[in-house]
Amino acid sequence: MRKQFQAIAILSVASVAMIAGGPRALEETASAQAGAAVTQIPKFRAEGSWPKLPSKWIMAIVSSTWIDEQDHLWVLQRPNTLSAEEKPKAAPPVLEFDAQGNFIQAWGGPGPGYDWPETEHGIYIDPKGFVWIGGNGNDDQILKFTKVGKFVMQIGKGGQKKTNGDTKNLWEPADVFVYAKTNELFVADGYGNKRIIVFDADTGAFKRMWGAFGAMPIDDPAAPAGPPQQPMGPDGASQFVPPVHAVKVSTDGLVYVADRGGRRVQVFTIAGKFVNQVFIGRECHAPDCGNGQTAAGIAFSPDPEQRYLYVANRSQAQIMIFNRKTLEFLDSFGSWGSATGQFGTLHHLSVDSKGNLYTAEVTPLKPENRRVQKFTFTGFVPMPMLIKNK
């Protein structure tokens with residue numbers, strides 16, 4: 001079950017030529033390698049804060065991003081995190097920008113018929129164009145809207161007993177994803193619960209759920225004060241360690257779950273059968289390494305095979321790149337801070353059709369990282385050659 005990274009000596013290829021990027025470079029190169037091992041590593045250029053809001057508004061802490069089928073960037077931000085002096089100029093929670101970064105529209109907040117989250121957390125646009133939003137305040141629900149902000153459906157209701165056995169309500173859900181082939185909504189639930197729960201994306205009817213390694217999630221007795229005891233055995237904790245922070249389903253029907261507290265990504269079939277896992281910064285421990293949590297966001301490369309898996313490593317402030325099918329670690333970039341290309345607590349990330357990455361950060365450093373950063377895909381470099389000990 002285990003995947004571990006070991007230090008090895010490497011010999012760089014004598015002449016490493018960057019393959020020119022472009023709208024179809026990622027797709028064409030990966031398609032040519034279909035069925036073969038990954039031999040190239042994608043590279044990115046940090047563009048810094050992107051895009052820009054109208055001058056009448058102020059951006060608050062950005063919790064999540066998503067790219068829709070038009071390559072429009074959707075941003076979920078937290079107006080209530082602004083100071084009292086700034087709040088009169090707070091932008092609405094939901095923001096849409098076009099592929100060039102031009103502002104299109106904004107909406108969101110409390111309204112009739114639904115419970116807006118106390119703390120905005122995740123945003124996702126499904127294949128039918130509906131916008132899903134969840135929260136990690138005192139929130140037991142996820143919300144479904146049209147792209148212009150018309151309320152469609154709410155799954156879950158506040159004020160319920162919070163338990164992993166509840167099939168109608170959630171507990172601080174962190175992320176969602178709709179798998180078009182089955183029209184099912186997969187929910188990373190979340191900060192309170194420790195499970196993946198699946199609903200019908202049209203009706204909200206419960207379908208199934210599971211925890212780490214495909215087992216049924218169970219409620220823990222009251223835990224002692226302090227950080228959880230980790231690791232628990234060579235394969236990690238037997239349950240997800242909250243927060244269960246992100247979920248994505250690949251086109252070939254594999255469910256990737258960011259177990260942030262467990263410092264790993266686990267992979268399942270859509271039925272919930274455990275397939276594999278990879279640890280993300282397992283050496284990271286609080287207080288020397290942030291809060292000791294790592295795997296926060298997940299994205300796939302946009303080529304048909306989705307050959308690359310990108311993982312936002314929270315406490316180590318890096319985007320890590322893996323071979324999606326084998327979970328082999330390929331590369332990483334980023335560091336802690338507020339400069340261009342640095343991260344103040346990576347949260348969620350998304351990718352557009354050209355292979356560019358967009359990140360959200362949630363720690364209000366000084367200067368405050370209240371921004372979406374764009375990382376432009378610039379092409380590939382060959383993987384380094386290995387020197388084997390004889």
Side-chain angles (χ1 to χ4, degrees), residues 1 3 26-27 30-31 33-38 66-69 122 124-130 132 134 142 144 155 167 173-190 194-217 240 244-259 262 264-278 280 295 297-312 320-328 330 348-353 355:
M1 289 183 188
K3 294 277 183 181
L26 185 61
E27 179 175 338
S31 294
Q33 296 176 347
V38 168
W66 189 254
I67 304 294
D68 69 13
E69 73 285 350
Y124 166 71
I125 291 77
D126 72 21
K128 296 180 180 178
F130 291 106
W132 296 85
I142 50 177
K144 181 180 183 180
I155 300 176
T167 60
D175 194 26
V176 305
F177 190 92
V178 172
Y179 185 51
K181 293 180 181 178
T182 60
N183 194 42
E184 291 179 326
L185 176 75
F186 291 75
V187 183
D189 182 38
K194 51 185 73 175
R195 63 183 180 176
I196 295 298
I197 186 168
V198 185
F199 301 95
D200 183 279
D202 290 336
T203 68
F206 169 76
K207 304 292 285 289
R208 60 192 173 279
M209 64 180 175
W210 68 84
F213 300 104
M216 290 304 296
F240 290 135
V244 187
H245 203 260
V247 60
K248 299 291 181 288
V249 186
S250 62
T251 54
D252 55 359
L254 293 174
V255 183
Y256 291 73
V257 179
D259 181 12
R264 60 193 174 186
V265 171
Q266 289 202 332
V267 187
F268 306 85
T269 67
I270 60 171
K273 180 182 178 181
F274 177 74
V275 175
N276 206 348
Q277 72 172 345
V278 61
I280 308 296
I298 295 173
F300 304 133
S301 59
D303 53 280
E305 293 78 22
Q306 298 180 319
R307 191 166 291 271
Y308 300 97
L309 168 69
Y310 303 112
V311 178
M320 303 177 71
I321 305 172
F322 296 85
N323 178 329
R324 181 181 68 83
K325 294 301 290 286
T326 67
L327 300 183
E328 174 191 7
L330 302 175
H348 278 170
L349 78 163
S350 53
V351 63
D352 67 19
S353 66

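Bear in mind the structure is a predicted one, so any value in this text is a computation, not a measurement.
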Exercise. How would you list, by chain and number, every residue that makes a side-chain contact (heavy atoms from CB on, under 4.5 Å) with K128, sequence neighbours excluded?
Worked result: D126, F130, N183, D202
Exercise. Once you round to the nearest 0.5 Å, how far does NE2 of H348 lie from CD1 of I298?
Worked result: 8.5 Å
Problem set entry | Whether F177 and Y124 hold their rings parallel, tilted or perpendicular, with breakpoints at 30° and 60° | tilted
For this session: Taking the six-membered ring for Trp and the full ring for Phe, Tyr or His, determine whether the centres of F274 and F213 are under 6.0 Å apart.
Result: yes
Problem set entry | Rounded distance (nearest 0.5 Å) linking atom OG1 of T326 with atom CZ of R307 | 10.0 Å
Problem set entry | Heavy-atom closest pair, residues V244 and R195 | CG2-N, 3.8 Å
Seminar exercise, completed: Paired with F268, the ring-ring contact (aromatic ring centres under 6.0 Å, His included) test is passed by just one of Y179, W210, F186, namely W210
Seminar exercise, completed: Nearest heavy-atom contact between F199 and F206 is CD2-CA, 3.7 Å
Exercise. For D259, what residues pass the side-chain contact (heavy atoms from CB on, under 4.5 Å) criterion, not counting sequence neighbours?
Worked result: F240, V241, R264
Seminar exercise, completed: side-chain hydrogen bond (donor to acceptor under 3.5 Å, both in side chains) filter on T251, not counting sequence neighbours, yields Q306
For this session: Examine distances only and state if a side-chain atom of K144 and a backbone atom of A201 form a donor-acceptor pair shorter than 3.5 Å.
Result: yes
Exercise. How many angstroms lie between CD in E184 and CZ in R208, if you round to the nearest 0.5 Å?
Worked result: 4.0 Å
